[in-house]
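Following: one structure in structure tokens, then a few remarks.
Quantities reported herein were computed from a predicted structural model and do not represent experimental measurements.
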Amino acid sequence: MTAPLDIIIMAAGRGTRMKSRTPKVLQRLAGRPLLHHVLDQAVRLQARRVVVVTGHAAIEVEAACASGAGAGAGFDLQTVRQEPQLGTGHAVQQAVPLLAGDGLVLVLSGDVPLTQADTLAALVAAAGADRMALLTVQLPDPTGYGRIVRGEGGAVQRIVEHKDASDAQRAIGEIYSGIMAVPARRLQGWLERLANDNAQGEYYLTDIVAMAVADGVPVAAHCIDDALQVAGVNSPAQLAELERAHQLRQAARLMEQGVRLADPARFDLRQDVRGGAPGQLDCGQDVEIDVGCIFSGRVQIGEGARIGAYCHIANARVGAGAVIHPYTHIDGETVGVEVGEGALIGPFARLRPGAQLGREVHIGNFVEVKNSTLADGAKANHLAYLGDATVGERVNYGAGSITANYDGAHKHRTVIEADVHVGSNCVLVAPLTLGAGGTVGGGSTVTKSTPPGALTVARGKQVSLAGWQRPAKQPKG
């Protein structure tokens, strides 16, 4: 029978080399706090309980714990403070009283964000119900890490911290990652026996390995060759290196699916800033993404779509064959944005929450759309604003025109029916309906609804010519 899994996350450290007021575990990777990445693994592993050990900036870290776990995490989340910070063993001593004695305890670090759930699951399996298991990795340069000391036959004997290691031990390339799994009923007794007679005067959690060996408890080492999974963050440079390595891996996964990235080194997939969830990018076949693009939240890109350079797209669906020209900003927030098949957007366009664009819609440079629906073939090509509007098929919306939808207390809707032409520099004051096939002359301020086919002009005052019909196009030649 598998023992219930309880997780301890150590998040008490100050991280002085970060030179930041923000606690180390709240530094951001892919737009999310490092601690949130670790909490993600607790969800995936279906932990029973998670105890986060806080210390430096405890109030901030504890608040981040609650927001990071998210609704429906499925585990009991608690925090405990380590004051003062006297080492990793001392940190775990604070957490153990909150755990039941029948579980398997998995110890994680809040500043090691990229350990994969399948790696941790394999470590838990190696521990079983009655063994200790250590996650180890072979490093070409193990400086600063605790070394795995093995005896005859390759059995793990103990861990020696770098500062306490001899020259021969420092030559060992297999290091302890800081992640272990151990039966709770064994852990309490070993923690009580810890001493601080070492170079740093701290209580090392790693000392319990030798205790386990002395007590006849098997110690398994689950060794991986992926150093990124156990990389921690102690400086801005390390954080930047980890960010780029993480983004390159995300880029590689997309390219394996057939997405064409102009430069994988200039690609970013980040969190949903509001919901805190990891970014998710789903792409159809033959999608092309140029340099410098940032995606966050949930983004879907249809087959054959092209994303120009330096676009920011969040919480949106881009239809097949659409083209998003460079420097376009799309953010659907919690509502979403929909870009129809074959649409042309940008450059320098902005689509805000609730923008719903049909097939072959054109949104040009410096055009902003919010909470508006544009039917198939509608166009707003230059320097315009459409907010809280319903725009019909084939509408042509002129440069410099805006919908004035807010009266200081309430927002109202503007309805522009099919085949209306709105000239340049017009103000449409909602609530308002422009009838199908009508024309609004340049510079007009329209305050009243117009019937189908009307010509509306304003030269100092509004004039509505109901029943006016746009002259028919003359045949060429």
Is the closest basic N to carboxylate O distance between [X] and [Y] below 4.0 Å?
X: Lys370; Y: Asp388; answer: yes
X: Asp290; Y: Arg266; answer: no
X: Arg260; Y: Glu288; answer: yes
X: Arg244; Y: Asp268; answer: yes

Do any N or O atoms from the side chain of [X] and from the backbone of [Y] form a donor-acceptor pair under 3.5 angstrom?
X: Asn315; Y: Thr334; result: no
X: Arg49; Y: Leu98; result: yes
X: Gln93; Y: Leu191; result: yes
X: Thr328; Y: Cys311; result: no
X: Arg147; Y: Ile172; result: yes

[X] atom [atom1]: more than 12 heavy-atom contacts under 6.0 Å:
X: Arg306; atom1: CZ; answer: no
X: Asp118; atom1: CG; answer: yes
X: Glu83; atom1: CD; answer: yes
X: Gln285; atom1: CD; answer: no

[atom1]/[X] to [atom2]/[Y] distance, rounded to the nearest 0.5 angstrom?
X: Asp215; Y: Arg186; atom1: CG; atom2: CZ; value: 6.5 Å
X: Thr206; Y: Met180; atom1: OG1; atom2: CE; value: 7.0 Å
X: Glu243; Y: Gln27; atom1: CD; atom2: CD; value: 12.0 Å
X: Ile224; Y: Thr136; atom1: CD1; atom2: OG1; value: 8.0 Å
X: Gln41; Y: Leu120; atom1: CD; atom2: CG; value: 6.0 Å
X: Asn371; Y: Leu386; atom1: CG; atom2: CG; value: 11.5 Å

(request) Let me know which of Asn196, Asp164, Thr88 forms a side chain to side chain donor-acceptor pair (under 3.5 Å) with Tyr204. (result)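 Testing Tyr204 for a side chain to side chain donor-acceptor pair (under 3.5 Å) against Asn196, Asp164, Thr88 leaves exactly one candidate, Asp164.
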
(message) So Ile301 and Leu281, do their side chains get closer than 4.5 Å, heavy atoms only?
(response)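 Yes - at least one pair of side-chain heavy atoms lies under 4.5 Å apart.
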
(request) Flag the pair Glu62 / Arg81 as yes when at least one side-chain heavy-atom distance between them is below 4.5 Å, and no otherwise. (result)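 Yes, close enough: below the 4.5 Å cut-off.
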
(request) Carefully, step by step, assess Asp282 and Arg298 under the rule salt bridge (charged side-chain N to carboxylate O under 4.0 Å, His left out). (result) CA-CA 8 Å; Asp282 299 323; Arg298 183 177 178 86; 3.2 Å; yes

(message) Quick one about Gln82 and His90 (side-chain donor to acceptor, distance below 3.5 Å, no hydrogens or angles considered), yes or no?
(response)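 Judged by distance alone, the side chains do pair up.
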
(request) Would you please say whether a donor-acceptor pair under 3.5 Å links the side chains of Gln247 and Gln250? (result)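 Note: Gln247 and Gln250 side chains meet the donor-acceptor criterion.
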
(request) Please say which of Leu108, Ile9, Leu34 ends up in a side chain to side chain contact (heavy atoms under 4.5 Å, CB included) with Leu39. (result)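 Between Leu39 and the candidates, side chain to side chain contact (heavy atoms under 4.5 Å, CB included) is satisfied uniquely by Ile9.
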
